[in-house]
Amino acid sequence: MTITSSSAWLSLLEHADAMRDYRVAEAFQADPARADRFSLRAAGLFVDFSKQRINAETLARLLAVAEAADVLARRDAMAAGEPINCTEQRAVLHMALRNRAGSSRRYVTRGYDVASDVEAVQQQMARLCDDIHSGRWRGWRGDKITDVVNIGIGGSDLGPFMVTEALRRDAFPAIRAHFVSNVDGAHLQRVLSQCNPGSTLFVIVSKTFSTTETLMNARAAREWLLASGAKERDVCKHFVAVSAYLDAAREFGIDAANVFQFWDWVGGRFSLWSAVGLTIALATSMAVFRDLLAGAHAMDEHFLTAAPECNLPLLMALIGVWNRNGLGAESLCVAPYSQDLRRLPSYLQQLEMESNGKSVGIDGAPLEVATCPLIWGEPGTNGQHAFFQLLHQGTTVVPVDFIAVLANDGSYPDHQRALLANCFAQSEALMLGKTESQVRAELIEAGLDAAAVNSLAPHKIFAGNRPSTTILLPALTAHSIGALIALYEHKVFAQGVLWGVNSFDQWGVELGKQLARRIDLELAEGAISSVGKPAHDASTRNLMAAAIGATGSIKR
Ligand code: F6P
């Protein structure tokens with residue numbers, strides 16, 4: 001049975017109709033306890049849903065939908081290591097990567113407890129961090145490592161990049177971290193121009209070790225090293241790899257001792273907790289990395305044990321479903337009021353859209369329900385001076401997740417206050433809006449004549465009632481960042497169950513990869529094929545001709 005045919009779903013949609021004119025500002029006036037009623041704390045985070053267009057009845061009906069979709073049973077199946085990634089027959093055990101030593105929880109797949117494998121790789125990571133940080137590890141000219149370049153893309157880049165940026169304050173002072181993902185050579189070139197081949201360590205991260213972008217960048221980095229005078233035997237002093245396919249990494253020429261394993265039960269976009277987070281640990285320390293794991297673990301325990309009505313990831317998932325399917329929102333804006341969290345929206349784009357951007361259910365049948373909204377955003381306050389106009393007065397309603405950090409490191413206290421003031425003001429303005437009578441009164445007060453008031457007033461009205469959630473982190477620590485990311489991971493999982501999709505595969509990225517391989521070959525040969533499967537359409541042929549005309553055949 002799909003969720004759309006359940007009585008809980010039908011009753012939710014009926015309720016959505018009844019709630020079209022529900023005014024959140026009035027609900028606050030009527031219920032002094034509303035803010036507390038719709039706020040929760042978990043794993044050190046405070047989350048306020050009270051500016052969402054919901055009431056107690058909404059939550060009750062959403063929780064009934066969660067029950068009908070069996071979200072908690074699916075959660076338990078995930079924790080029990082069942083192959084819930086049904087199209088690839090894989091378990092989904094990223095929680096095992098952050099299970100605390102001494103915890104009584106066991107993560108087992110195919111009868112095997114993964115704890116000792118996880119611990120062994122964490123120890124291998126700790127040894128490398130120690131070697132690099134102590135200066136024991138030397139480059140081919142005898143130099144200490146000063147620059148670490150993470151080469152990877154998607155889940156092998158976005159998580160480590162986002163977290164390394166966010167943990168700037170915990171940076172190991174003698175190491176600069178860089179990230180290269182794009183197959184555009186400009187990306188690699190820009191990073192290499194800041195590095196010295198004798199003191200640079202490349203961390204090649206690829207779950208499959210077959211991703212074109214990553215392998216091309218890794219090969220070009222190796223050539224750059226060799227061009228500086230290093231010999232083949234020196235490559236092992238400058239390259240380590242992280243992969244689920246150890247042989248492929250070794251075949252690339254990386255010393256077996258420097259290949260860090262992760263497993264098929266870790267999805268790429270859920271992998272920063274594994275050795276995929278090696279650059280995070282190198283850029284900070286293994287202790288900081290373990291704090292990140294601890295924060296995520298605290299959220300895992302909350303998700304696994306809290307009752308549905310106070311289960312934060314579940315409630316966030318349900319509110320997302322409410323906005324998407326009940327109120328028809330097509331996108332979700334993520335606005336971190338923290339420059340150090342500037343990469344969070346990009347990270348969440350992959351986490352949410354690659355996981356739940358699906359249109360068939362786990363049984364392969366087309367879905368009758370709209371799934372993942374578009375995820376987008378920018379840090380505040382920059383976004384306010386760019387797209388917030390649309391959020392306030394545009395014709396489409398966009399729910400917003402505001403994310404703010406209460407304490408900074410003490411520098412620029414006035415900036416910190418202004419940052420928080422802006423964050424809180426935006427959610428307040430989105431909710432309150434401004435009525436025509438308020439606008440008119442202001443214009444009259446400002447001394448405008450009747451004609452000017454009439455012409456200006458419509459432009460200054462804000463409809464208000466625009467939904468948002470605010471998430472507060474006590475400080476930008478590894479622990480709170482871990483908890484925040486795990487919150488979104490579990491939200492995404494729960495939404496996948498609610499919509500009935502497999503959140504852990506990504507077949508939708510394959511066709512473009514296949515066609516790119518073929519087009520790349522033809523561009524290299526300077527010959528465009530009008531046959532083949534499928535034959536190129538006229539538009540694609542024109543574009544290819546333009547590229548060949550511009551560059552001759554594009555050399556491999
Ligand atoms: O193409 C999409 C994808 O498979 C993502 O799911 C993944 O995170 C990324 O490519 C990188 O894959 P890999 O780690 O295997 O290089």
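Numbering of residues begins at 1 and proceeds along the displayed sequence. First listed ligand is number 1; within each ligand, the first listed atom is number 1.
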Near G155 (heavy-atom distance under 4.0 Å), the atoms of ligand 1 are 7 (C), 8 (O)
Which residue supplies the protein heavy atom nearest to [atom], what is that atom called, and how far is it?
{"atom": "atom 12 (O) of ligand 1", "result": "T211 OG1, 3.5 Å"}
{"atom": "atom 6 (O) of ligand 1", "result": "E354 OE1, 2.7 Å"}
{"atom": "atom 9 (C) of ligand 1", "result": "I153 O, 3.6 Å"}

Any Q350 heavy atom less than 4.0 Å to ligand 1
yes
Does atom CZ of R233 have more than 12 heavy-atom neighbours from other groups under 6.0 Å away?
no
Does a sphere of radius 6.0 Å around CD in E88 hold more than 12 heavy atoms from other residues, nucleotides or ligands, not counting ones at 6.0 Å or beyond?
yes
Please compare E510, K207, R269, K513 and report which has the shortest non-hydrogen distance to atom 4 (O) of ligand 1.
K513
Would you confirm whether the ring centroid of Y347 sits within less than 6.0 angstrom of the ring centroid of Y488?
no
Hey, do the aromatic rings of Y245 and F209 have their centres closer than 6.0 Å?
no
Should the pair K358-D505 be classified as a salt bridge under the 4.0 Å nitrogen-to-oxygen rule?
yes
Ligand 1 and T208, any nitrogen or oxygen pair closer than 3.5 angstrom?
yes
Hey, is ligand 1 close enough to V509 that some N/O pair sits below 3.5 Å?
no
Interatomic spacing from CD in Q124 to CD in E119 - rounded to 0.5 Å:
12.0 Å
